[in-house]
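So that the names make sense, note that chain A is the first sequence line, chain B the second, and so on, each numbered from 1.
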Amino acid sequence: MTTDTTTSQAPARDTVLDATGVTMRFGGLTAVSDVDLTVGGGEIVGLIGPNGAGKTTFFNCLTGLYIPTEGTVSYRGKVLPHRSHLVTQAGIARTFQNIRLFPNMTVLENVLVGRHTRTKEGLVAALLRGPRFKKAERESEDRAMELLEFTGLAAKRDHIARNLPYGEQRKLEIARALASDPGLLLLDEPTAGMNPQETRATQDLVFAIRDQGTAVLVIEHDMRFIFNLCDRVAVLVQGRKLVEGTPAVVQGDERVIAAYLGTPFEGEPGEEELAEVEAAEAHSTARTEGDDTA
Amino acid sequence: MTMTTTDTTRATAPATAPGALPLPAGAARAATAAGAVLTFASTFLAWTWTGAFPGNLTVTGYPGGLQVLTLTGALLTTLFLLAGHGIRGLRWLTPGGTNSPVVLLALGTAAVTWYAAGAIAFTLGGLVNLEPGGWLAAAASLLTAVAALGLPADTPADPEHPPTDPWQRLRHSLRAPAPARARTLPSWAEILLIAAAFAVALYVFTYGIATEYGELFVGFLLLTLLAVPALAKAGLLRRVTALTAKHRNVSITAAFVAAAAFPFLQSDNEFTSIAVNILIFATVALGLNVVVGLAGLLDLGYVAFLGVGAYTAALVSGSPFSTIGVHFPFWAAVLTGAAVSLVFGVLIGAPTLRLRGDYLAIVTLGFGEIFRIGMQNLDGISGPSVTNGSTGVPQIPDLELLGYNFGEPHTLLGFEFTRSANYFWLMLIITVVVVSVFRRSDTSRIGRAWVAIREDETAARAMGINAFRLKLMAFALGATLAGLAGTVQAHTVSSIDPEQYKFVEAVPPNSAFLLAAVILGGMGTVGGPLIGAALLYLIPAKLQFIGEYQLLLFGIALVLLMRFRPEGLVADRRKQLEFHETGQLDVPDTDGDTPGKPGLSKAEA
Ligand SMILES: Nc1ncnc2c1ncn2[C@@H]1O[C@H](COP(=O)(O)OP(=O)(O)OP(=O)(O)O)[C@@H](O)[C@H]1O
Ligand SMILES: [Mg+2]
């Protein structure tokens, strides 16, 4: 397996996520095959690859939604159990490729649900409504409002989530994920369906999240977004990790371009080809969206 | 579905839309007014010649029975028409829509009047039995309704999709704008308004329960079913809701006082005992609403938990037929009943709630039947002797709390406290407990997690929610609340047997009716199951003549309701937008996952 682990500037100070040998088979189909990936503290790592490469499946393996056929995932040195809520409890939060908000809850309630793992009040406390319960509720709400300010949704706190425009639904999903105070945030195509301005705003948001100390692993088809954003990029093709390295390394790797264009590629990869890749990419993004909303 | 193409060719100015019928606005208004006044006047005439039709509609100058309902309808129509016209001193009646309430009220009045005329002709055998007064009433109410349908709509037509066919025009003419924010009145005035609102509600409810014959009840239903939406269109309900939200404690007290005052307003003890049964039914329905409405778990055997509580309480009640022969004090019986229900809830829930989808429905359906048949067979012949089989546990003694015997009438301060009234108040306390459990759990971390699971279980898990634990919690809480109600039910009915706890039966509460009460009333709300249960109890109790068609009629009613108001009579704040907002962004749904390994869900992408 050719893995260009020419890890650039990010000196793996403390590894947040360490996935080793993750394999996921669905019957005869191997969606993810022996993938290793690490994410360090304060790092933004990109995960790219053509449609059906297994990126989302890999995310599902990381977050306990799928039980990987082989391999282990550990978070800050501890092996994660294959239970979705325990993974979140441990400190990994995620968003979904096709937005999965709680559509009939308000914006604020959505974020409050994200606080679930960081609060303790049980049913008895809720029924008795003691001072401690009230304090906890107030604190949750304060934190939720903070996150809504952070994502620019504060004015919409009492709106029903399903009525938000698409871009704001994506932001709300991020706010909800951040509510669990994660050490690692997994974003699955956060800019799908966004216009260039919204994409730019999302980019700034991801930087801001990183600056607050949360590492980010992001799947995206928008190459400009990925290469602007990420410290490191891994390329997944047909379930295998093809290349990993700095944006510059990945951008220049001919195997990546070949994989994207689907034909053996000869000659120097240059600006022209890159443009072609992007065009193909934009095309496939459009297709994915079409599929999603169908 | 992709993004809707934003069509920028909008019409210039929003034109006021015509009503359902193309009449000139002025003429329509005048005719509505004239019709309403005529209808009003007609109720003072004799509608029929003989007292054989109940309610005595033969007297001139004194409206009775169904005439009173027509009179009320005509009066309300007139008032709202005048209010909409901007008459000083009445404008507070219509802060929202002005014409749509009139349309609904006129339709309601016409419905009652025509029903009355039809019932007279049907009961007495022919239209000849209608006196001129009856003909006048029918004609005038029809005129009012037709003219009201010609009133212009309250909201401008959507320039892109102007209503074309009459049905669409009718629907459009019934749309009303939301009321503007109310002026803040001094606190005492607002509290007075709340008190008045609850007094009106109590009066209407009492009137409904105390209707003495089926025809009057049908008339009452027809009028209320159209008058309540009329008040909603006028914006009055929202105003009241805003006030109650502002003065929550006052409102809760007012509601409680209004409910507690009910037995005092009854001349007939029978109505109080109906009210006790409604309370039991409503309380259990509210408990079911935790399970169904909040956590989204379909429980088809819920009445069994009521049965568990009732049987437990009966066995420890000291009844001579109890096989245990102990006599617990009431508080201990309540705790035991609730605890035993809780245990059963956990036993049923634990193995099934790990799975997604419809397994729970099937298992609970089975449990409901197993409970009933189990109680039948624990008779000492087919199994150990515990429950006396199909005889059940009769002669459950009346409760005695602090020397106060619930079975005997007491007279205090000149008021008679009958047996039914005693149990009514006890049950009311249980209802209050269940209401506050529902409300408090709903607006907490736990309640939000339940709703999140209901909305999207995969996302909820990904947010760190232990779905299994929380579902089990909801299920067990629901079981406990039903068991709690069951302990009081056992004493109220004083004799229980397995046949009272069926899946479906003519008399509520049973599992099917409980679920129907929740769905019909409005899932996830407090008011919904209470109203739903009251309706589902009263309709069969008052309308004996529908008899064997009862289930058929309920089926039809449910289908119609799901078609036209899928959120139920009382809409949950969280749900009301779900069904009626169109053109919204599509949010991927998460329908039943394929049965697989626990924790696995469908492909994400
Ligand atoms: N639950 C499942 N059962 C069977 N096959 C699955 C399942 N989930 C994913 N797959 C398959 O695994 C492969 C990888 O899918 P995945 O969704 O991970 O791709 P992706 O890289 O996220 O693609 P995209 O860019 O389109 O989102 C696809 O062939 C898909 O059909
Ligand atoms: Mg994907």
Side-chain angles (χ1 to χ4, degrees), chain A residues 56-57 59-60 63-67 82-89 93-94 96-106 109-110 112-119 121-123 125-127 129 133 136-137 140 160-166 169 176-177 179-180 188 288-290 292-294, chain B residues 1-3 433 436-470 473-474 476-477 524 567 572-579 581 584-590 597-605:
Chain A
T56 301
T57 307
F59 262 29
N60 288 345
T63 52
L65 236 43
Y66 288 165
I67 301 169
H82 305 299
R83 304 282 296 282
S84 195
H85 68 273
L86 295 179
V87 172
T88 312
Q89 170 94 45
R94 68 171 292 174
F96 293 88
Q97 178 170 355
N98 41 6
I99 303 174
R100 299 188 86 146
L101 291 169
F102 305 117
N104 297 305
M105 295 176 95
T106 65
E109 282 175 326
N110 265 277
L112 284 174
V113 171
R115 291 295 300 161
H116 189 86
T117 49
R118 302 296 170 238
T119 41
E121 281 57 43
L123 187 58
L127 296 183
R129 301 261 146 160
F133 172 86
E137 280 289 289
S140 291
I160 300 288
R162 70 198 316 275
N163 294 345
L164 293 185
Y166 196 74
Q169 293 200 6
R176 183 182 69 175
S180 63
D188 198 344
T288 329
E289 276 163 43
D292 278 346
T293 47
Chain B
M1 258 190 292
T2 47
M3 272 168 241
V433 169
S436 47
V437 166
F438 182 93
R439 289 191 57 114
R440 292 188 162 194
S441 52
D442 182 18
T443 54
S444 75
R445 167 175 174 268
I446 302 296
R448 287 191 295 268
W450 285 337
V451 178
I453 292 171
R454 181 192 81 195
E455 299 268 290
D456 186 336
E457 186 167 335
T458 303
R461 285 170 192 239
M463 287 307 117
I465 290 168
N466 185 340
F468 168 67
R469 244 189 80 172
L470 275 140
M473 208 187 274
L477 177 66
E567 71 274 44
D572 182 5
R573 168 185 59 84
R574 292 189 183 110
K575 283 219 142 196
Q576 67 205 125
L577 293 158
E578 181 176 351
F579 299 105
E581 209 109 316
Q584 279 303 321
L585 293 159
D586 100 359
V587 179
D589 65 332
T590 54
K597 281 174 258 169
L600 281 200
S601 78
K602 245 177 9 185
E604 299 299 324

Taking every non-hydrogen atom, the tightest pair across [X] and [Y]:
| X | Y | value |
| --- | --- | --- |
| B:Ala452 | A:Val113 | CB-CG1, 3.9 Å |
| B:Met463 | A:Arg94 | CE-O, 3.9 Å |
| B:Ile446 | A:Leu123 | CG1-N, 3.7 Å |
| A:Ala126 | B:Arg440 | O-CB, 3.5 Å |
| B:Ala459 | A:Phe102 | CB-CE2, 3.8 Å |
| A:Arg129 | B:Thr443 | NH2-O, 3.0 Å |

Check your understanding: Looking at A:Thr117, A:Leu112, A:Thr57, which makes the most heavy-atom pairs under 4.5 Å with chain B?
Key ->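 Top option by heavy-atom pairs under 4.5 Å: A:Leu112.
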Review point. So which of A:Ser140, A:Ala177, A:Gly122 has the largest heavy-atom pair count under 4.5 angstrom toward chain B?
Key: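 Counting heavy-atom pairs under 4.5 Å, the top option is A:Gly122.
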Exercise for review: Find the distance between CG (B:Asp456) and CD1 (A:Ile99) and round it off to the nearest 0.5 Å.
Suggested key: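 Spacing of CG (B:Asp456) from CD1 (A:Ile99) equals 12.0 Å.
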Review point. Distance from B:Arg461 atom CZ to A:Thr63 atom OG1, nearest 0.5 Å?
Key: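 The CZ atom of B:Arg461 sits 12.0 Å away from the OG1 atom of A:Thr63.
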By a 4.5 Å heavy-atom criterion (distance strictly below it), what part of [X] contacts chain B: side chain, backbone, both, or neither?
| X | answer |
| --- | --- |
| A:Arg118 | neither |
| A:Phe59 | neither |
| A:Thr119 | both |

Practice item. May I ask you to test the B:Leu470-A:His85 pair for a side-chain heavy-atom distance under 4.5 Å? Key: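 No, too far: nothing below the 4.5 Å cut-off.
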Point to revise | Pair A:Arg162 + B:Glu455: basic N to acidic O under 4.0 Å | key: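 Salt bridge absent between A:Arg162 and B:Glu455.
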